[in-house]
Each structure stands twice: as structure tokens, then as C-alpha cells.
There are 2 protein chains.
Amino acid sequence: MSNPEDPESALESRGSVPVSAPTGRPRSEEAHKAILNATVELLAEVGFSGLTVEGVAQRAGVGKATIYRRWPSKVPLVVEAYGRLPGMEDVDTGCLADDLKGMLKGYLEAFARTPLSALLPSLAGERAHNAELAKVFDPISIERRRPLMRALERGVARGEIAPEIDLDLAADMIVGPIAVGLFFKGGRIQPKRVGPMVDLALAGLGIRE
Amino acid sequence: MSNPEDPESALESRGSVPVSAPTGRPRSEEAHKAILNATVELLAEVGFSGLTVEGVAQRAGVGKATIYRRWPSKVPLVVEAYGRLPGMEDVDTGCLADDLKGMLKGYLEAFARTPLSALLPSLAGERAHNAELAKVFDPISIERRRPLMRALERGVARGEIAPEIDLDLAADMIVGPIAVGLFFKGGRIQPKRVGPMVDLALAGLGIRE
DNA sequence: CGCTTACGATACACAACGTCTCGTAAGCGG
DNA sequence: CCGCTTACGAGACGTTGTGTATCGTAAGCG
């Protein structure tokens, strides 16, 4: 929609079957990875607003044109780098509370290992007034919470969650305290707080008789 | 505290008693207000990252120096503008659920009337990698959720919340879904969702026998 | 071998930042 | 009333980063 006449749109180039005959020198996959790695590194060091395309080019050892050939601006580049960071990993123990606690603890550990905790607020802040970014950011966000949704659906199937509960709202309640801590308090959520958090949320969601 | 040797620090100048003899032409309070109003207006239109000091100066009808004389950079200016926007207003009906629903609905209406929904993600995103901003942003955030904390404390006093509950975590759970919607979905929370949200959270927080 | 496209490097115009300097305006103390 | 001091609006200035364009070179394909 934004660029219908460009068959080499950055997001579509992930497809495995090139539509047009790829003549000429192929794009260097090595440079591609170097750029994304440099982006992740620099995001961890200086954050989104401190990130410069020139800095990425220098760190990656590529020319600026090589970056702009792949991404039209800083925002889609950062979005793709964001997509490469780890999300929630599904944990299936047979008990909803343990699933959720395991998933959230794993996710919080990923926050410590990667620049996720700097990236998420930065992207969310940009998203708020950048419709183009929102269009690519939102599907990635939905994809990332899919393991959480699956765990909740398993909980419904097992009878651990009342069937009339709005699972989307339930998911928001589960991750809500993490989001609040991340956005307003600097992401300093202790993993030991995950237990009470989940228990509190579940007591509201579960069937009581 | 943050700048002990500068008696004219922007945040401290709100004090009513000037310490040093104010010789020379006094700063125009009119220009001060015009700058803050222009900042709020422009934030609503272009967001934080689209806001330029030159744009604010033009909209307010002042020179750039008049802005830089009061605020060292864009960030503290936006923080002060943020502080002028409405926060949660305390509602005391005698029933915790009604208090919370009333407060959240009122807050969501403020989101529609003001650039709050653009400002909060932008500031939070900047906060994540800007320690100087975090230092002034965090106290304002704590201050803004104080009515919510008071309502929860009333709930404890009335026996509507179990006394062992961590009220800070409870507050995070209450506003969590709003934060998630604001940061990841564009702030489109329908006021009619407030009811189920509060009921769900309270069922987890309340005393059950 | 020639065609095509990508490569790293760098020059370029543009925009915004934050500093500075104009000439002027406003309050205060003598 | 007059000089001192500081603030005012306006805008020039150097700096930095953006995104585009242009080098000469490199790599795959026919």
C-alpha cells in the first residue's frame, strides 16, 4: 500500500521465492546480518532516539547506502531488529499457573540478556504517533503474545479458566504489571514477583465455587 | 536537590520566595504559558519525536532563546507540559469497585481530551534510556497514581481488599490493561471495558471465604 | 566477456539542535 | 529621570544526522 510499485519491499523480500529474475550481484546476506547485529548492539547502548544510521553503518562496516537499500528509514530497520529478539517461549506443564510463571520468568530473563527493555518502550513511544510504524509493529506484538494466548486457551480447555472470560483482557492483566514496571519504573521487575503476580491474576480469572 | 547551585532551576522556580534579588527585566509569565500551551498543542499533533523547539517557538510567538533560557532541552520542557495535563481524580463513593470504575473512566476521558495518549508512550520511551528524564518523570508518575493508591487504601480499611495484598502490585494490575492497550494497541480502550476490567482484578484481590 | 546489480565510501542538500549576537523593552535603584 | 541589568523576539551560526546521489570496484549470470 505504501509502495505498491516496489517489488523489493524490505518486508516482502523475506519471501523464499523471488518473483522477478534476480540478475546482477546478489545482496550480501553477511552485510544484512552485520547491520541487524550492529542495530541490536547500539540499541542496547544508546536506545532508539540515540541510534543513528551512520553509527550502525560504521559499527557494521558497511556504507549507508547498503542500509538504505534495504530499509527506507531507521524505524523499519529497528522493527526488524526487534523481530529477531526472543519473545515468550511456550511452557506446557499441565498446570496453568506454572505455565504462566515459567513463561514470564523466561521472558524477564530475556529482558536482562537483550536490549528488549530499551527497545519496547522506544518502539511503543514511536508507535503512538507514527502510523507507518504501528502497521508493522502491531502484527509483531500480536505474534509475540501468541504463546501466552495458547497457554490461556489450554487453561480454558482444562477448566482452569472460566469459559466466559475475555482471554484478550486476561492476557492484558497478566502482562500488565510487567508493562507498567517496564514503562514507568525502568523495567526492574524481580523474577520473584512473578509468582504473586500470576496467583493474583488467576484468582480473578479462575472458577470459584 | 538535583541542581543545588542554580537557584533558578526550572523546577524550583515554582517556589514563591526568590532567594536572590531579582534585578533586571523579569521573565514574562505570559511567554512561559504560551510556550507550554504550544508544547501541549504540538505534542498532540506531531508527538514527541516530531516536536521541534523551533516549532514551539514559532507557535508560541517567542524566540528560541526564550525557551532555552527556561529549559535546557526539549525533554524537561515536555516533562513540565506533561505535569500540567490532568491525572486521575479521586472518586470516593464508599464502594471500591465504583471508585475504581469512576476514576478509570474519568482518566480515559482525559485521554480523549488531551494529548496524554501520545505523551505517555513518548515520554516512557525516552525515559528508558535517558536517566536525566527518568529522574524527573518518575516522581510525577508516582504523584499521578496517588489517587489510585488512596482508593486502594480505603478499600483495605473497609475490608474490601485482603490486608496482606501488595498495594503497589494491585495498582499495577488495575492500570496494567490500560497501559498495555495504550502502548501496544494505540490507546483505544473503550470505557465500557472498564467495568469487566475492574471486576476481574478485584475478584483476585478481594477476600473470599 | 559483457550485463546488471550490490558493494564501501563519500559528497551533498536539508533540517533541527543548541549557542550566540543583534537592537529593543521592562523593572529597579539612585 | 537615567543608567544598570536582565529578558525579549528575531535570526545567524556551526554541528550533527538524515536520506539521496555518485564515485570506482566487486560479484554473479549468460
Side-chain angles (χ1 to χ4, degrees), chain A residues 2-3 6-10 13 18-36 38-39 42-43 45-78 122 126 129-130 132-133, chain B residues 6-10 13 18-39 42-43 45-78 122 126 130 132-133:
Chain A
S2 65
N3 210 357
D6 178 8
E8 288 270 304
S9 160
S13 67
V19 174
S20 56
T23 59
R25 176 176 176 173
R27 290 193 184 170
S28 162
E29 189 60 30
E30 198 177 339
H32 199 91
K33 287 176 184 166
I35 293 167
L36 287 173
T39 301
L42 285 173
L43 280 169
E45 296 172 18
V46 299
F48 181 89
S49 66
L51 188 80
T52 68
V53 175
E54 268 159 355
V56 173
Q58 201 168 348
R59 175 75 62 104
V62 306
K64 275 203 300 174
T66 302
I67 298 179
Y68 282 110
R69 198 173 287 117
R70 290 166 166 78
W71 298 277
S73 76
K74 187 167 82 169
V75 166
L77 166 62
V78 171
S122 293
E126 194 71 18
H129 50 78
N130 187 330
E132 176 206 5
L133 171 60
Chain B
D6 178 8
E8 287 272 303
S9 160
S13 67
V19 173
S20 56
T23 59
R25 176 175 176 174
R27 291 193 183 170
S28 161
E29 189 60 31
E30 197 177 340
H32 199 89
K33 287 175 185 169
I35 293 166
L36 287 173
N37 287 340
T39 303
L42 285 173
L43 280 169
E45 296 172 18
V46 299
F48 181 90
S49 66
L51 188 80
T52 68
V53 176
E54 269 157 353
V56 173
Q58 201 167 351
R59 176 74 63 105
V62 306
K64 279 203 296 174
T66 303
I67 297 179
Y68 282 109
R69 199 173 287 118
R70 290 166 166 77
W71 298 278
S73 75
K74 187 167 80 169
V75 167
L77 166 61
V78 171
S122 292
E126 193 71 19
N130 188 329
E132 176 208 2
L133 171 60

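Numbers restart at 1 for each chain; the letters A, B, ... are given by sequence-line order, proteins then strands.
- Not counting sequence neighbours, the partners of B:K64 by the side chain to side chain donor-acceptor pair (under 3.5 Å) test are B:E54.
- Atom CD in A:E29 sits about 14 Å away from atom P in C:dA6, given to the nearest Å.
- Summarising the geometry, atom OG1 belonging to B:T39 is positioned 10.5 Å from atom NZ belonging to B:K74; distances are rounded to the nearest 0.5 Å.
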DNA chain D in dot-bracket form (Watson-Crick or G-U pairs under 3.5 Å, [ ] crossing, | inter-strand) is ||||||||||||||||||||||||||||||

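- At a cut-off of 3.5 Å, with distance as the only test, no side-chain donor of A:H32 or A:R27 sits close to an acceptor on the other residue.
- When the P atom of D:dT18 is taken as reference, atom CD of A:Q58 falls 12 Å away, rounded to whole Å.
- Here the straight-line distance linking atom CD1 of A:I35 with atom CD1 of A:I67 works out to 4.5 Å at 0.5 Å rounding.
- For A:S49, the side-chain contact (heavy atoms from CB on, under 4.5 Å) criterion is met by B:E126, B:H129, not counting sequence neighbours.
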For nucleotides 24-30 of chain D, tabulate all protein N/O to nucleotide N/O atom pairs closer than 3.5 Å, reporting atom names and distance.
residue, atom, partner, partner atom, Å
D:dA26, N3, A:R25, NH1, 3.1

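- Counting all heavy atoms, side chain and backbone alike, A:A31 lies closest to A:T66 at CB-CG2, 4.4 Å.
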N/O to N/O distances under 3.5 Å, protein versus nucleotides 10-20 of chain C:
residue, atom, partner, partner atom, Å
C:dC17, OP1, B:V53, N, 3.0
C:dC17, OP2, B:V53, N, 3.1
C:dC17, OP2, B:E54, N, 3.4
C:dG18, OP2, B:Y68, OH, 3.0
C:dG18, N7, B:K64, NZ, 2.9
C:dG18, O6, B:K64, NZ, 2.7

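- Contact between A:W71 and A:L36 at its shortest, heavy atoms only, is CZ2-CD2, 4.0 Å.
- In terms of heavy-atom proximity, B:A34 sits nearest to B:A60 at O-CB, 3.5 Å.
- Taking OG of B:S122 as the reference point, atom CG of B:L51 lies at 9.5 Å (rounded to 0.5 Å).
- Distance CD1 (A:I67) to C1' (C:dC7): 13 Å, rounded to an integer number of Å.
- Judged as a salt bridge (charged side-chain N to carboxylate O under 4.0 Å, His left out), and not counting sequence neighbours, the contacts of B:E45 are B:R59.
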